Structures are given as C-alpha cells and as structure tokens.
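To start, the structure itself, in structure tokens.
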Amino acid sequence: MMNFCSIDDVADPIGWIGKAIELQKKIENGGPLDKSGKSICLLFFNPSLRTRLSMQKAAFNLGIESFVFNLSSEGWQLEFEDGVVMNGSKSEHIVEAAGVISSYFDAVGIRSFASLSDKANDYAEQVLSQFVKHCSIPVVNMESATLHPLQSFADMITIEEYKKVSKPKVVLTWAPHPKALPQAVANSFLQWGNQMDYDLVVTHPQGYDLDPSMVGEAKVEYDQKKAFEGADFIYAKNWSAFQDANYGQVVSQDMNWTVNQEKMNLTNDAKFMHCLPIRRNVIATDEVLDSDSSIIMPQAKHRITSAQMVLKEVLEIK
Amino acid sequence: MMNFCSIDDVADPIGWIGKAIELQKKIENGGPLDKSGKSICLLFFNPSLRTRLSMQKAAFNLGIESFVFNLSSEGWQLEFEDGVVMNGSKSEHIVEAAGVISSYFDAVGIRSFASLSDKANDYAEQVLSQFVKHCSIPVVNMESATLHPLQSFADMITIEEYKKVSKPKVVLTWAPHPKALPQAVANSFLQWGNQMDYDLVVTHPQGYDLDPSMVGEAKVEYDQKKAFEGADFIYAKNWSAFQDANYGQVVSQDMNWTVNQEKMNLTNDAKFMHCLPIRRNVIATDEVLDSDSSIIMPQAKHRITSAQMVLKEVLEIK
Amino acid sequence: MMNFCSIDDVADPIGWIGKAIELQKKIENGGPLDKSGKSICLLFFNPSLRTRLSMQKAAFNLGIESFVFNLSSEGWQLEFEDGVVMNGSKSEHIVEAAGVISSYFDAVGIRSFASLSDKANDYAEQVLSQFVKHCSIPVVNMESATLHPLQSFADMITIEEYKKVSKPKVVLTWAPHPKALPQAVANSFLQWGNQMDYDLVVTHPQGYDLDPSMVGEAKVEYDQKKAFEGADFIYAKNWSAFQDANYGQVVSQDMNWTVNQEKMNLTNDAKFMHCLPIRRNVIATDEVLDSDSSIIMPQAKHRITSAQMVLKEVLEIK
C-alpha cells in the first residue's frame with residue numbers, strides 16, 4: 001500500500017512522468033476505463049476548484065467512484081490532539097473520522113491548508129500526518145499545510161512536454177499578492193524540481209526565504225531580473241513569509257515583482273507557468289498571460305494527467 | 001458545436017418538442033442509456049433545486065457524468081472585467097476558470113442570476129456571455145440574468161401535451177411576491193411563446209412592463225380578468241420591475257393579482273402553470289394549486305424531458 | 001411500496017439482520033452489483049458524515065445512483081404548514097418539493113433533526129411525516145426528529161455479530177455532552193432492542209427519562225454502576241431532556257456518567273458501542289475507546305450493511 005503525501009512516496013518520479021503521459025494518451029484515445037468497483041473519498045477542509053474537479057475527472061476516467069465531502073459546510077470540526085477532553089467546539093476526533101473513512105472507501109484524499117499562524121503545527125503537517133497515522137487506506141495529499149505534490153507532479157509533466165533543451169533553466173519567482181498564501185506550492189515545486197535534471201533557481205525579495213530543506217540544491221537569487229536571464233521556464237507564485245519572526249505574514253506587496261513582458265524578454269523565450277487561480281496584473285500582466293509563452297492552460301489540464309497516475313498507483317488500477 | 005443559451009441557439013424549437021417527448025419515452029421504457037464516457041460540469045453561482053436535480057437526472061439518463069460545483073460555498077469569486085488589477089476580493093478571472101473547465105469537461109452548465117441592481121450588465125448577460133466567449137466547450141444556460149430557456153422549453157413541452165386546441169390562448173400573468181425576483185422566466189417564456197402557434201398574452205400591473213424585445217408579438221393587457229377570458233393556459237410568475245426608474249425593485253405586492261379560483265372560472269377551463277418554487281396563497285391560492293387544473297407537477301417533470309433533449313444535442317449523444 | 005421510517009415498516013427485523021449480513025458478504029466477495037438504472041435523492045436539512053457516506057457507498061454497491069442535496073446551503077427553506085400565506089422566509093411548500101422529487105427519483109432519503117424547542121412538532125415527526133404524506137416514492141429516514149432506524153439496524157447487526165450468549169444483557173447508558181442533542185438515537189435503539197431477544201436496560205440520571213412508548217419493556221435504572229453489572233454490551237449516548245418542563249435542554253453535564261474502564265470492569269467483559277461522532281473523555285474515556293472492548297469501528301462499518309439492506313428492499317433491487 002502506498003500513500004501520495006509527497007515526492008518521498010514516489011520511488012521513481014522521473015519514470016512516473018512518462019507513465020502518466022502514456023496513461024493520459026490511452027484514455028484520450030480509448031475513453032474512460034471500465035468501472036473498477038473502487039471508490040475514493042475526497043475530503044475538503046478548504047475550498048478547491050481545479051484540485052477537486054481534476055481529481056473527480058481523473059477518478060471518472062479510471063472507473064473509480066469519487067465521493068466529495070466538504071467538512072466545513074457539510075460536516076463538523078475535527079479534533080487532532082490526543083488526550084483532550086472534548087467538551088468544546090470539536091465534535092469528532094481524527095481517530096474515529098479516519099477509522100470510519102478507512103472502513104468505507106479504498107482511498108482518501110485530504111485538502112487542508114496551513115494555518116499560517118502556528119508554524120510548528122503547519123510544518124509538522126498535523127492534519128495530513130494524523131490522517132496517515134489513523135487511516136488504514138492510502139492517503140492522497142490534495143494540498144496540505146506545506147506541500148502540494150499533485151500540483152508539482154503536473155508541473156513536472158508540463159515542463160517535460162514543453163522543454164526544448166535536455167537540462168532547462170527553471171526559475172521559481174515570487175510575485176506579489178494581496179492576501180497571505182501558504183508556501184505549499186512553492187515548497188513542493190522545489191522538492192520535485194530538485195529531483196529533476198534542471199538548472200533550478202528560486203528568486204524572491206529578502207524576507208521571503210523558504211524552508212532550506214525544501215530549497216535543497218536550488219540556487220537562491222534575490223535579483224529577479226538576474227534570475228530571469230536565460231530561463232526556459234518562469235514559474236510565478238506568491239507565498240507568505242516562512243521566517244519565524246513573521247511566519248505566514250505578507251511582508252511585501254512589491255508590485256515591482258509582478259511578471260511582465262519586459263522581464264520575460266530577458267529569458268530564453270521562456271514559457272510562463274502558474275498553478276492557478278492567478279490574479280491578473282498582480283502576479284503577472286495580461287500581456288504575459290495572453291501571450292503564446294503562457295502555458296498555464298496545458299499546465300492546468302495536466303492536473304488530470306497527474307491525478308490519474310496517482311490514483312492508478314494508490315488504488316492499484318489495472 | 002452548439003450552445004444552449006437561448007431559443008436563438010435552437011434551429012427548430014417546434015421540432016425539438018416532439019423529439020424531446022420521444023427521447024423521454026424511450027428512456028422511460030428502456031431505462032438509462034449506456035455510459036457515453038462524456039461529462040458535464042454544472043456551475044452554480046446561485047441556489048437551485050429543480051434545475052440541478054433535473055440536469056443531474058437527465059445526465060444520468062443519458063449516460064453522462066455530471067459534476068456539480070457551487071462557486072459561492074465551494075469555490076471563490078470570479079472576476080469578469082478585462083484589464084483589472086486583481087488585488088481585491090476576486091481570486092480568479094473568468095478567462096482562466098472557463099479555460100480550465102473547458103479542458104476538463106465536454107460541456108458546462110451555468111446558473112447565474114441577475115444582480116437586479118445593474119440593468120446594463122444584467123441585460124448584457126455579462127456572466128453567461130463571458131463563459132460563452134472563453135469556453136471552448138458547449139455552454140448550457142441553467143438560468144442566466146435574463147433568460148431561463150431550459151424552463152421555457154419544458155413549459156412548451158407541457159403545453160404541447162395538455163393543449164386541447166391547435167392554437168391555444170396562453171396567458172402569462174404577473175402575480176405578487178414578497179421579494180424582488182429576476183425577469184428571466186417571464187422573458188424566456190415570451191421568447192419561446194412567440195415562436196409557437198399560440199394566442200399569446202401577457203398581463204401585469206402598470207409599471208411591470210417587460211423588455212419589448214422579449215414581449216415580441218405577445219399582446220399586453222393590464223386588466224388581469226380580461227386577459228383570463230377564454231384562456232387555455234394560465235402561466236403565473238412574479239418578476240421585479242424592468243423599467244430604468246425602478247429596475248429590479250418590487251413596485252407592487254398587490255394581492256389582487258393572486259391567481260384564485262374565481263379568476264380561473266373566467267377561462268376556457270384553463271390549465272394552471274408555474275415554474276416553481278411557488279409561494280402558496282401569494283402567487284396562487286391553495287384552491288387553484290390543489291385543483292385538477294393545476295399541471296405544475298407534470299410541468300416540473302418535463303424539466304427532465306427538456307434537459308435530456310438539450311444535453312443530447314449539445315453533447316452529441318447517439 | 002415500502003418506506004423505512006421506523007422499525008414499524010419492517011415486517012421481520014430479526015430476519016433482516018441475517019439477510020443484511022449475507023448481502024454484505026456477497027458484495028464484499030463479488031464487488032458492487034450491476035447498475036440498476038435506479039436513483040435516490042438524499043436530502044439533508046442537517047449535517048451528516050457517516051449517514052451520508054454510508055448511504056452513498058451502499059447505493060454505489062447496489063448499482064444505485066445517489067444524488068445529494070443539502071437544503072440549507074444549496075436550496076431554500078420549506079414550508080410544512082398547510083394553508084399558510086407564504087409571504088415570509090419560506091420559498092417552497094413541502095407539497096411541491098415532495099411532488100417534484102417523487103417525479104425525478106425512485107426513492108428519497110431525508111435527514112431532519114428535532115427542533116428541541118417544539119416537542120409536539122418533533123414527536124409528531126412533522127418533517128418526515130409530511131414527506132411520507134406527499135411523496136409517491138419510498139421515503140428512507142436518515143435520522144428524523146425522534147428516530148434513527150438506519151443507525152439502530154446497524155447496531156442490532158453489530159450486536160448479533162459480537163454477542164457471546166443467546167440473550168445478551170444490553171445496556172443503553174446516558175453520558176454527558178456539552179450541547180443539547182436529540183433523543184433520536186436512544187429512542188430508536190430502544191424501539192429495535194425491544195424487538196430483539198435482549199435483557200434490555202436503559203440507565204440515566206433522574207430527569208432524563210425517555211418517552212415511555214420508546215422505552216417499552218426495557219428496564220429503567222438510575223444507578224449507572226448497577227446497570228453495568230453483568231452487561232454484555234454498553235451502548236453510550238447523550239440525549240437532552242424529554243420531559244415537558246425542560247424539553248430539549250441540558251439538565252446535567254455530570255461527568256460522573258462518563259463511561260470509564262472502572263465501570264467497564266463491572267460488566268461481563270462487555271463490548272462498548274456508540275453511534276459516533278463521539279466526544280472523547282466526555283462520553284467515554286480514551287482508555288475505553290482504545291481498548292479491545294470497543295467495537296465502534298465495526299459498528300460504524302455496519303452502517304453500510306444496514307443501508308444496503310434498506311436500499312435493496314425499498315428500491316426492490318434484485
């Protein structure tokens with residue numbers, strides 16, 4: 001039995017890229033696979049559009065039944081601490097919730113964002129790790145406090161499809177955003193990027209350094225324009241501060257970091273990527289997003305390619 | 001590829017009525033069609049009971065997989081304006097949302113009510129038309145700012161089934177309601193009614209005149225009792241004011257316009273219709289609704305007949 | 001046509017236990033049944049985790065399509081009174097809602113909790129009985145104001161599986177809880193227990209006596225420890241007061257009634273049961289819940305066993 005919580009659960013991530021593309025082609029040509037009789041519960045603690053719809057569509061394509069459950073609107077609050085006297089607002093303990101879901105379904109997907117207030121809890125992946133601990137079925141990370149591997153796997157598939165050189169220069173750039181966002185997409189992109197044959201660079205303002213264990217071998221560059229030089233892929237994303245002093249806060253909304261055409265002109269005709277949803281003229285300008293360089297649409301579509309491969313493996317679909 | 005946004009998308013509305021009834025009989029006798037491998041996303045900006053359930057049931061009957069997405073509770077706000085710096089409350093632009101949905105599904109249904117505050121935007125069908133513009137898949141109108149063609153098509157099917165003369169007198173009557181309601185159902189009913197061989201009349205208090213382009217050839221009559229004389233069908237519906245001075249407002253709650261048995265006695269033993277939900281003893285009395293003249297239940301059931309035909313055509317189900 | 005609103009709808013409840021277990025084994029070994037072409041609408045006026053997911057999974061296992069509808073978030077308020085002038089907050093009358101759902105689906109499940117403020121309405125089962133009255137399709141009780149028969153049926157299946165003597169001593173014990181809860185689970189457990197070959201006991205503090213018509217032949221014991229002596233099954237559950245003077249209120253939160261190991265030691269090595277969600281260290285201690293005596297997980301899993309049998313019968317699945 002395998003989980004899909006991070007790249008660490010994948011023995012051969014590079015091999016998976018090819019297999020995922022093959023599977024997608026097979027389904028594109030032959031239609032959805034026969035019903036497998038298997039089912040997955042998709043549990044959402046937070047809103048989702050692409051993740052939910054791509055997971056449901058991927059499940060449908062594989063003949064898997066998916067059941068969506070929005071905990072905040074349809075259920076109740078869960079308790080994740082052990083030994084608590086549960087006389088407050090939380091109606092059910094993770095032990096029972098995970099146990100019941102394990103006995104009903106063949107796998108479970110979990111989306112639970114970072115609190116952005118309790119760094120220790122967030123980076124301990126309290127929610128996801130408790131599900132892993134108490135579930136007896138495979139757990140799929142649909143974006144956790146610190147990671148979003150379904151997204152990153154889709155990103156790597158997209159880069160594989162669009163790369164023009166064997167070792168592309170791939171640049172993850174911070175960009176401004178009005179609200180505090182988790183570090184999950186950026187973290188996960190770097191984790192996966194470190195396993196690929198990339199010239200990997202991350203660029204952001206001072207104060208936005210990410211967890212060094214996520215950054216790994218990637219080069220950190222505080223000068224965005226310098227980072228863009230010769231890039232084959234520009235991956236834009238906002239994240240809030242990781243440093244203890246202002247964890248989870250917006251320390252800058254510097255619009256000089258917005259990706260525009262002038263900056264794209266510094267690159268090696270780079271493709272522009274973003275995980276979506278994207279705020280136009282904040283993260284990147286209309287000009288960039290509406291140009292031929294933008295591959296955000298095929299990238300979003302590969303969320304299905306990525307989800308299909310993961311579901312096929314964790315649910316052992318033949 | 002065809003959309004279903006209004007009657008203008010249907011080459012032969014009268015022909016469709018017969019075909020829809022045939023398809024419904026085929027499914028009633030033979031059960032749901034085989035799985036088509038096709039899928040539709042049903043996007044709701046507003047609440048829905050009949051529209052959602054009839055669309056899901058129709059999809060099921062045709063072997064189409066439907067995926068419901070409630071944007072307000074499960075997603076986030078969309079931006080519909082071009083060129084905006086998106087640093088406010090809206091997280092995603094229609095361009096990306098429509099693009100992604102187009103790449104995941106074979107068709108999309110949209111429900112988005114009128115604002116009732118911005119007449120120009122409402123009558124420009126801002127939301128629906130932006131989806132049409134940016135989607136590369138068929139768009140089905142599940143009630144837009146100004147039209148509800150799935151309802152009207154069901155209404156025409158119902159009239160076809162119950163009419164006793166070849167050219168029935170069909171009367172759309174305004175009725176009181178405590179809240180401001182869109183004009184969509186009334187507009188759409190008149191649009192479709194104009195294409196049928198009806199003696200079509202619309203009656204309402206002064207100040208409730210509808211868009212002349214919707215009214216078309218229908219006769220406008222401000223005296224409700226006069227309008228009812230000799231009618232074969234009474235279609236009751238509330239709508240808010242269309243006129244610029246008080247657009248979207250309740251200008252009258254005159255309970256003298258409630259449809260009661262006394263008024264029904266003026267008709268040619270007319271059938272009573274309403275799109276539901278209906279407020280009893282406000283729109284029409286219990287006596288009328290519980291009489292044999294009421295055909296609101298078969299009318300509601302024809303929402304499936306209507307949805308099936310539309311889905312079959314837009315998704316090219318064999 | 002049969003409903004499943006209470007045990008009174010089941011001709012042979014004991015026979016059903018064996019059949020439900022057989023059906024579950026058949027599905028466990030052979031996978032989901034072929035598509036039946038039938039569909040059920042699951043209507044929720046209140047939140048649900050196990051009930052919703054077990055009903056959906058049971059439907060899936062039987063080849064039945066299930067459609068979930070959350071009235072509070074996706075729909076609008078229903079009017080249940082007859083003859084009302086509906087000019088308030090309620091948009092649709094039960095007569096029309098039930099009629100439409102009856103014409104769309106082959107069965108309907110209803111979850112509607114007690115108000116806990118209007119005892120007469122609650123015990124008249126206003127909501128459920130109005131659906132039964134106005135629906136022309138089978139109605140399944142997914143927890144009503146006063147009963148939860150899907151739960152109780154699962155409870156009886158679980159006791160059947162774990163009992164070591166032919167006539168076990170089965171003890172329903174009240175336990176503290178911070179919020180006012182309905183009496184439905186306790187009522188229904190007693191109704192079913194009265195039909196079984198149990199030595200049935202209910203224990204609770206003074207002031208928590210249940211409806212005598214629910215208690216039936218069960219022995220009432222106000223001394224919890226005395227009740228536990230020699231018990232084969234301890235079923236813990238909180239409920240609010242039934243008596244007129246403080247109907248629906250929390251009259252005690254006495255933590256001396258929490259089920260702990262010391263009390264379990266008084267039993268005949270009893271199994272511990274609860275319907276979930278359970279508040280740890282309030283209803284029962286971690287020690288009890290994490291011991292081998294706890295069978296809350298198999299009990300929760302039998303919600304599928306129970307739902308399958310009910311759906312098979314009401315929908316006449318072959």
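By convention in this document, chain letters (A, B, ...) are assigned in the order of the sequence lines, proteins followed by strands, and residues within each chain are numbered from 1. Keep in mind that this is a model prediction, so the values were computed, not measured.
- When each of L53(B), L276(B), V282(B), I283(B) is checked for heavy-atom pairs under 4.5 Å with chain C, L53(B) comes out on top.
- Contact detail for P178(B) and G88(C): the closest heavy-atom pair is CG-O, 4.5 Å.
- Along residues 102-125 of chain C, the residues that come nearer than 4.5 angstrom to chain B, judged on non-hydrogen atoms, are S103(C), Y104(C), F105(C) in order of number.
- Within a 6.0 Å sphere centred on CG of D292(B), heavy atoms belonging to other residues, nucleotides or ligands number 12 at most.
- At a threshold of 4.5 Å between non-hydrogen side-chain atoms, the residues V95(C) and R280(B) count as touching.
- Residue with the most contacts toward chain C among S54(B), G31(B), S73(B): S54(B) (heavy-atom pairs, distance under 4.5 Å).
- Counting non-hydrogen atoms of neighbouring residues, nucleotides and ligands closer than 6.0 angstrom, the CG atom of N246(B) exceeds 12 such neighbours.
- A search for side chain to side chain donor-acceptor pair (under 3.5 Å) contacts involving Q77(B) returns S89(B), not counting sequence neighbours.
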For residues 306-318 of chain C, run the donor-acceptor check on the side chains, cut-off 3.5 Å, and write out each pair with its distance to 0.1 Å, sequence neighbours left out.
residue, atom, partner, partner atom, Å
S306(C), OG, L150(C), O, 2.8
Q308(C), OE1, N61(C), ND2, 2.8
Q308(C), NE2, Q24(C), OE1, 2.9

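- Interface remark: of the candidates I101(C), L71(C), D82(C), V68(C), V68(C) forms the most heavy-atom pairs closer than 4.5 Å to chain B.
- The NE2 atom of H93(C) lies 10.0 Å from the CG atom of L289(B); values are rounded to the nearest 0.5 Å.
- The residue among D286(B), L49(B), I296(B) with the most heavy atom pairs within less than 4.5 Å of chain C is L49(B).
- Counting heavy-atom pairs under 4.5 Å between each of S91(C), G99(C), A97(C) and chain B puts S91(C) at the top.
- W76(C) and P277(B) get closest at one heavy-atom pair: CZ2-CG, 3.8 Å.
- Looking at residues two or more places apart in sequence or on another chain, you find no side chain to side chain donor-acceptor pair (under 3.5 Å) involving D9(C).
- The shortest non-hydrogen separation linking M86(C) to I278(B) is CE-O, 4.0 Å.
- Listed here is the closest heavy atom pair of F60(B) and S39(C): CE2-CB, 4.3 Å.
- Under the 4.5 Å side-chain criterion, counting only non-hydrogen atoms from C-beta, Q253(B) is not in contact with N87(C).
- Checked for salt-bridge contact, E79(C) and R279(B) miss the test: no charged N lies under 4.0 Å from a carboxylate O.
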(request) Take V100(C) and R303(B) through the side-chain contact (heavy atoms from CB on, under 4.5 Å) test and state the conclusion after the steps. (result) CA-CA 10 Å; V100(C) 170; R303(B) 292 296 305 276; over 6 Å; no
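- In this structure, K35(B) NZ and K35(C) NZ are separated by 5.0 Å, a value rounded to the nearest 0.5 Å.
- For N281(B) (side chain) and V84(C) (main-chain N/O), a donor-acceptor pair under 3.5 Å exists by modelled atom type.
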